[in-house]
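Scroll down for the structure; my scribbles are underneath it.
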Number of protein chains: 2
Amino acid sequence: MTRQRRLVYDVLLRDLDHPTASEVFLRAKDQLAGISLATVYNCLETLTDAGLVKQVNLDREPSRYCPNLHEHAHFFCMSCGAVQDVAPASNDGGLCGWRIPEGNRVEKMEVAMRGLCRRCAAVEESDSEETGDVSASRAARAAN
Amino acid sequence: MTRQRRLVYDVLLRDLDHPTASEVFLRAKDQLAGISLATVYNCLETLTDAGLVKQVNLDREPSRYCPNLHEHAHFFCMSCGAVQDVAPASNDGGLCGWRIPEGNRVEKMEVAMRGLCRRCAAVEESDSEETGDVSASRAARAAN
DNA sequence: TTTTGATTTAGAATAATTCTTGATTTGTCG
DNA sequence: CGACAAATCAAGAATTATTCTAAATCAAAA
Ligand SMILES: [Mn+2]
Ligand SMILES: [Mn+2]
Ligand SMILES: [Zn+2]
Ligand SMILES: [Zn+2]
């Protein structure tokens, strides 16, 4: 655990908001001016390989990083971009609900949800009340 | 639906094995020598936007494409690279099993599983029987 | 203090994808 | 049947996240 690795890890632990490598880099620079983006990438890989951090991907967007080691899914808000952890309800981690082909051995599962976070869902709700216009919310939803 | 789009779509329908854009390109070239990779990308995007095809991502690997429009998850074999469709067991599409934060509105969910397909699981099984060596299968599993 | 091996850094390289820009095709109308 | 316009295709350049390379730095141990 070098200074840079410690710093990168601390950045992830501080806000738990699943920053990208570039975002980690920006935050880390505040504490250690000389740190480089390459080092941030190196540290994130080292931490990931060490099992302290998980890499989180949605589609082809830049990878995000998460220090929550409990089994969990991710919720991505399509409106504000926030990423939240979602805890499993049962102890099979959502594996129920799928007809795994006979004989397949599942080692791990990744679950990503997209939608509107509570705040954005509330804003959209009040918007359509005020304007009586549903198209905005429909458009937001169609925006994928 | 132009000739190129029809061809790209047919390639996807023929094998249902979730090829990458490059793989689609190679297969399409056999039928239409002049087609370009850029056109394959264009067609895949058009088909995806039209809702005929779904883009499937695992980590940061090249995107794969799937013409199965039913709700389904994906199983990726860590050993042979095969990608299989996984049908939902219930009608909530695996949404059960997760404690969605209060107020969040989930629009869609993507589920990816990794492990060993039936064939590779069987091979590994017989391998460790023959050699009495469990390390190979453990290594294969650790290989992520 | 010197050695040694790991780590960091800056910048080049890579690879999937997207963009730009003409060329080509397709459909429409006189 | 020809224009003409709009859509689409294709070639290559550009973009972007990430990885690689090679030299500089660091930090324990001898
Ligand atoms: Mn997380
Ligand atoms: Mn599929
Ligand atoms: Zn939001
Ligand atoms: Zn397999």
Side-chain angles (χ1 to χ4, degrees), chain A residues 1-12 17-66 74 76 81 83 110 112 143-144, chain B residues 1-12 17-66 74 76 81 83 110 112 143-144:
Chain A
M1 192 55 101
T2 65
R3 184 139 84 108
Q4 287 84 348
R5 290 174 185 170
R6 177 83 244 168
L7 172 55
V8 165
Y9 189 45
D10 285 345
V11 163
L12 293 179
D17 62 348
H18 304 85
T20 63
S22 302
E23 288 165 346
V24 171
F25 173 55
L26 291 177
R27 297 178 198 178
K29 257 199 315 198
D30 293 341
Q31 315 262 144
L32 182 61
I35 197 170
S36 75
L37 179 57
T39 297
V40 169
Y41 272 107
N42 287 341
C43 291
L44 288 170
E45 185 184 2
T46 302
L47 292 167
T48 300
D49 290 350
L52 289 174
V53 161
K54 286 199 281 194
Q55 193 184 43
V56 177
N57 295 292
L58 178 67
D59 298 340
R60 302 204 61 77
E61 289 173 21
S63 293
R64 300 177 169 277
Y65 296 86
C66 168
H74 289 102
F76 299 80
V83 181
E110 269 160 49
N144 224 345
Chain B
M1 191 56 101
T2 65
R3 184 139 84 107
Q4 288 84 349
R5 290 175 186 171
R6 177 83 243 169
L7 172 56
V8 165
Y9 189 43
D10 285 346
V11 162
L12 292 179
D17 61 347
H18 304 84
T20 62
S22 303
E23 287 164 348
V24 171
F25 173 55
L26 291 177
R27 296 178 199 178
K29 257 199 315 196
D30 293 342
Q31 316 261 144
L32 182 61
I35 198 171
S36 76
L37 179 58
T39 296
V40 169
Y41 272 107
N42 287 342
C43 292
L44 288 170
E45 185 184 2
T46 303
L47 293 167
T48 300
D49 290 349
L52 290 173
V53 160
K54 287 199 279 194
Q55 193 184 45
V56 177
N57 296 292
L58 178 67
D59 298 342
R60 301 205 61 76
E61 290 173 20
S63 293
R64 301 176 169 277
Y65 296 86
C66 170
H74 289 103
F76 299 81
V83 181
E110 269 160 49
N144 226 340

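Residue numbering restarts at 1 for every chain, and letters A, B, ... go by the order of the sequence lines.
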| field | Side chain of N42(A) - closest among dT9(C), dT17(C), dT18(D) | value | dT9(C)
| said: Quick check for you: among dT17(C), dC19(C), dC9(D), whose closest atom lies nearest to any side-chain atom of Y41(B)? | reply: dT17(C)
| remark: When H18(A), K54(A), Q55(A) are each screened for side chain to side chain donor-acceptor pair (under 3.5 Å) with Y65(A), the one that passes is Q55(A)
| task | Looking only at non-hydrogen atoms, find the nearest pair between Q4(A) and I35(A) and report the distance. | result | CG-CD1, 3.9 Å
| remark: Taken to the nearest whole Å, CG/L37(B) to C1'/dT18(C) is 11 Å
| request: Decide side chain to side chain contact (heavy atoms under 4.5 Å, CB included) for L12(A) and V53(A); before the verdict, give the C-alpha distance in whole Å, the side-chain angles of both, and the deciding distance to 0.1 Å. | output: CA-CA 9 Å; L12(A) 293 179; V53(A) 161; 3.6 Å; yes
| request: Could you say whether R60(A) or R5(B) is positioned toward the 5' end of DNA chain D, judged by the nucleotide with the nearest heavy atom to each? | output: R5(B)
| query | When you look at F25(B) and K29(B), which way does the side chain to side chain contact (heavy atoms under 4.5 Å, CB included) test go after all the steps? | reply | CA-CA 6 Å; F25(B) 173 55; K29(B) 257 199 315 196; 3.8 Å; yes
| field | Interatomic distance where CG belongs to L47(B) and P belongs to dT8(D) [whole Å] | value | 12 Å
| query | Counting only side-chain N and O atoms of T39(A), is one of them less than 4.0 Å from OP1 or OP2 of dT9(C)? | reply | yes
| field | Interatomic distance, M1(B) CE vs dA7(D) C1' [rounded to whole Å] | value | 16 Å
| request: Find the distance L7(A):CG to dT8(C):C1' and express it as a whole number of Å. | output: 13 Å
| query | What are the two closest non-hydrogen atoms of P19(A) and V24(A), and how far apart are they? | reply | CG-CG2, 3.6 Å
| note | N57(A) atom CG is separated from dA16(C) atom C1', nearest whole Å, by 14 Å
| First of Y65(B) and R3(B) reached from the 5' end of DNA chain C, by closest nucleotide | Y65(B)
| dA10(D) phosphate, OP1 or OP2: any side-chain N/O from Q4(B) under 4.0 angstrom? | yes
| remark: From CG of L44(A) across to P of dC20(D) the rounded distance in Å is 15 Å
| said: When you measure from the side-chain N and O atoms of T2(B) to the phosphate of dC9(D), is any distance below 4.0 Å, counting only OP1 and OP2? | reply: yes
| note | Rounded to whole Å, the CG-P distance (L32(B) to dT25(C)) equals 12 Å
| query | How many Å lie between CG on D59(A) and C1' on dA16(C), as a whole number? | reply | 15 Å
| Which part of the nucleic acid, if any, lies within contact of S63(B), taking any heavy atom under 4.0 Å across all strands shown: a base, the sugar-phosphate backbone alone, or nothing? | sugar-phosphate
